[in-house]
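Throughout, a chain's letter reflects where its sequence line sits, starting with A, and its residues are numbered from 1.
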Protein chains: 2
Amino acid sequence: MNEINKKPPGRPRSVQSHAAMLQATLEILGEVGFDAMSIDTIAARAGVGKTTIYRRYASKAELVADAIERVREEIVIPDTGRLESDIDALIQSAAQITLSPLGRQTVAMIISSASSNPEFAKIYWTKYLQPRRQAFAVVLERAKARREIQADLDPGLVFDAMSGIMLYASIFQPNPESWTEYVRRALNLLFKGASSFDAEPR
Amino acid sequence: MNEINKKPPGRPRSVQSHAAMLQATLEILGEVGFDAMSIDTIAARAGVGKTTIYRRYASKAELVADAIERVREEIVIPDTGRLESDIDALIQSAAQITLSPLGRQTVAMIISSASSNPEFAKIYWTKYLQPRRQAFAVVLERAKARREIQADLDPGLVFDAMSGIMLYASIFQPNPESWTEYVRRALNLLFKGASSFDAEPR
DNA sequence: CATTTTCGATACGATACAGTTTCGTAAACT
DNA sequence: AGTTTACGAAACTGTATCGTATCGAAAATG
């Protein structure tokens with residue numbers, strides 16, 4: 001009983017239409033941002049009736065949240081045998097997301113709605129950042145085994161610091177070439193450290 | 001000749017009304033964000049006619065840009081004799097801006113309009129970040145003189161890394177108490193460095 | 001074939017906002 | 001005084017969007 005395999009009668013919902021509206025949502029979100037995008041525009045771009053969208057989602061926020069959730073690139077866990085090369089690989093893969101219009105608008109949405117509407121930030125955190133944070137921990141563990149970094153290092157903290165630096169650089173240094181080089185310098189600073197000798201912490 | 005002291009005839013523009021509309025603009029911007037705010041709402045909040053706003057600004061963007069530009073807190077240049085205490089002071093003063101709704105919405109505006117409309121990012125950079133970047137350079141120079149940090153350190157890079165870390169923390173850790181503590185840990189990491197010994201850079 | 005549900009298209013009412021104009025009044029100047 | 005400009009309030013036009021409803025056609029089930 002309570003089988004899920006009950007096929008409901010009638011015409012089934014078009015998976016093509018569903019995919020098309022999600023794709024159009026991501027495109028337009030990257031182009032004009034969350035507030036400026038209208039359901040009508042999405043429907044037109046997707047070649048889909050507005051009704052078809054409203055049958056699936058009750059609001060624009062739901063639609064966008066679902067669309068973003070489905071963007072799940074494979075997570076890169078580089079293993080070059082040297083931390084610095086691993087980091088370089090991560091910078092490259094991060095650049096594609098951070099510098100893309102979609103990634104930019106996503107971050108803007110999260111920030112602007114952070115107080116009023118924390119759902120987006122939560123989705124982004126759990127679905128996107130959290131897995132990468134854990135993947136990065138693997139990279140750092142290998143570096144620890146190679147004695148490249150201190151054993152008591154908090155991997156999450158390092159990841160957050162790196163993410164923050166990349167985010168800041170993407171906002172104020174939108175040029176991709178200089179971005180990569182700049183991020184490399186900043187991360188080098190992070191790993192080398194700024195103090196001239198080991199100061200007593202706290 | 002060509003004196004600027006020519007007083008134009010007629011009733012002068014009300015400085016009270018002007019101040020009121022700028023104040024209301026900042027308030028509402030922090031409350032609902034740029035896109036969701038309307039000129040009517042601002043006028044009503046300020047107790048000012050819409051006409052009076054449109055006489056001064058041609059668009060909502062101009063109004064907001066001018067309002068933000070006028071928020072100029074005094075720049076703190078701490079000098080406690082010890083870098084770590086100086087940094088602590090900077091964290092405290094940064095927290096007030098970064099964690100405020102207004103600061104949050106400002107950053108969101110910059111990010112979302114970064115590609116389409118770079119004016120905001122430029123204003124924010126030159127009017128706000130740039131002076132603080134230079135003020136921070138003074139703090140670092142003192143630390144260099146005290147041999148607390150390496151002499152060849154790029155002050156701007158350190159400032160950017162710190163800013164990025166704080167920005168990231170404010171997005172995903174909106175709780176003020178934990179924010180301060182978290183930022184302190186991250187900055188400690190930045191200054192101490194992550195690598196266990198001085199690896200050959202590049 | 002009949003039924004059920006979805007499809008895209010279109011029209012619709014409601015609301016919100018932008019930006020302009022009008023109006024009677026207020027504050028400066030000559 | 002008279003002139004000039006600004007003031008707040010309100011009305012107004014135009015446009016954009018939302019969310020719903022309706023339509024005939026299409027795709028599935030039985």
Side-chain angles (χ1 to χ4, degrees), chain A residues 3-25 27-29 31-67 105 109 112-113 116-117, chain B residues 3-25 27-29 31-67 105 109 112-113 116-117 119-120:
Chain A
E3 290 294 334
I4 326 166
N5 294 353
K6 280 181 192 169
K7 281 185 189 174
R11 176 176 177 175
R13 297 194 175 171
S14 163
V15 287
Q16 290 89 343
S17 297
H18 202 167
M21 75 179 66
L22 291 176
Q23 174 65 25
T25 301
E27 287 177 14
I28 297 178
L29 174 63
E31 290 168 14
V32 303
F34 181 79
D35 293 292
M37 69 197 283
S38 70
I39 303 286
D40 293 84
T41 312
I42 297 173
R45 174 82 63 98
V48 152
K50 247 198 315 182
T51 326
T52 312
I53 296 180
Y54 277 112
R55 193 173 289 113
R56 292 167 169 77
Y57 303 100
S59 67
K60 188 168 64 170
E62 274 189 23
L63 167 63
V64 172
D66 194 35
Q105 293 298 340
M109 277 173 46
S112 70
S113 68
S116 58
N117 184 356
Chain B
E3 290 295 330
I4 326 166
N5 294 352
K6 281 183 193 169
K7 279 184 189 173
R11 177 176 175 175
R13 295 193 175 173
S14 163
V15 286
Q16 290 89 343
S17 297
H18 202 169
M21 74 179 67
L22 291 175
Q23 175 64 26
T25 300
E27 287 178 13
I28 298 178
L29 174 63
E31 290 167 16
V32 303
F34 180 79
D35 293 291
M37 69 199 281
S38 71
I39 303 284
D40 293 86
T41 312
I42 296 173
R45 173 82 63 98
V48 150
K50 248 200 313 183
T51 326
T52 311
I53 295 180
Y54 277 111
R55 194 173 289 114
R56 292 167 170 77
Y57 303 100
S59 67
K60 188 167 63 168
E62 274 189 23
L63 168 63
V64 172
D66 193 35
Q105 293 298 340
M109 277 173 45
S112 71
S113 66
S116 58
N117 184 356
E119 302 154 26
F120 283 134

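Contact between the side-chain N/O atoms of B:Ser14 and the OP1/OP2 oxygens of D:dA6 is not found at any separation under 4.0 Å.
With rounding to whole Å, B:Met21 atom CE is found 12 Å from D:dA9 atom P. The nearest whole Å value for the distance from the CZ atom in A:Phe34 to the C1' atom in D:dT17 is 13 Å. Taking atom CZ of residue B:Arg13 and atom P of nucleotide D:dC7, one finds them 7 Å apart after rounding to whole Å. Between the P atom of D:dG19 and the CD1 atom of A:Ile53 lies a distance of 12 Å, rounded to the nearest Å. Put simply, CZ on B:Arg55 is 16 Å from P on D:dT4, counting in whole angstrom units. In this structure, the CZ atom of A:Arg56 is 15 Å from the P atom of C:dT5, given to the nearest Å.
A:Asp40 pairs by the side chain to side chain donor-acceptor pair (under 3.5 Å) definition with A:Lys50, not counting sequence neighbours.
The residue among B:Ser17 and B:Gly10 whose nearest nucleotide of DNA chain D is located toward the 5' end is B:Gly10. Place A:Arg11 and A:Val48 on DNA chain C by their nearest nucleotides, and A:Arg11 ends up nearer the 5' end.
Residue side chain A:Thr51 reaches the base of C:dA9 through a donor-acceptor N/O pair under 3.5 Å, judged by distance alone.
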**Message:** Using the rule given for side-chain contact (heavy atoms from CB on, under 4.5 Å), can you reason through B:Asp66 versus B:Glu62, listing the C-alpha separation, both sets of side-chain angles and the distance that settles it, and then say yes or no?
**Reply:** CA-CA 6 Å; B:Asp66 193 35; B:Glu62 274 189 23; over 6 Å; no
**Request:** Test side-chain contact (heavy atoms from CB on, under 4.5 Å) on B:Gln105 and B:Met37 and set out the steps.
**Result:** CA-CA 12 Å; B:Gln105 293 298 340; B:Met37 69 199 281; over 6 Å; no
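Counting all heavy atoms, side chain and backbone alike, B:Met109 lies closest to B:Val64 at CE-CG1, 3.9 Å. In this structure, A:Phe34 and A:Lys60 approach most closely via the heavy-atom pair O-NZ, 3.2 Å. In terms of heavy atoms, B:Thr41 sits closest to B:Ser38 at OG1-OG, 2.5 Å. In terms of heavy atoms, A:His18 sits closest to A:Tyr57 at NE2-OH, 2.8 Å.
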Can you check nucleotides 15-19 of chain C for protein contacts, nitrogen or oxygen pairs under 3.5 Å, and list what you find?
residue : atom : partner : partner atom : Å
C:dA18  : OP2  : B:Ile39 : N            : 3.0
C:dG19  : OP2  : B:Tyr54 : OH           : 3.3
C:dG19  : N7   : B:Lys50 : NZ           : 2.9
C:dG19  : O6   : B:Lys50 : NZ           : 2.6

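With D:dT22, D:dT4, C:dC7 as the candidates, the nucleotide lying closest to the side chain of B:Pro9 is D:dT4.
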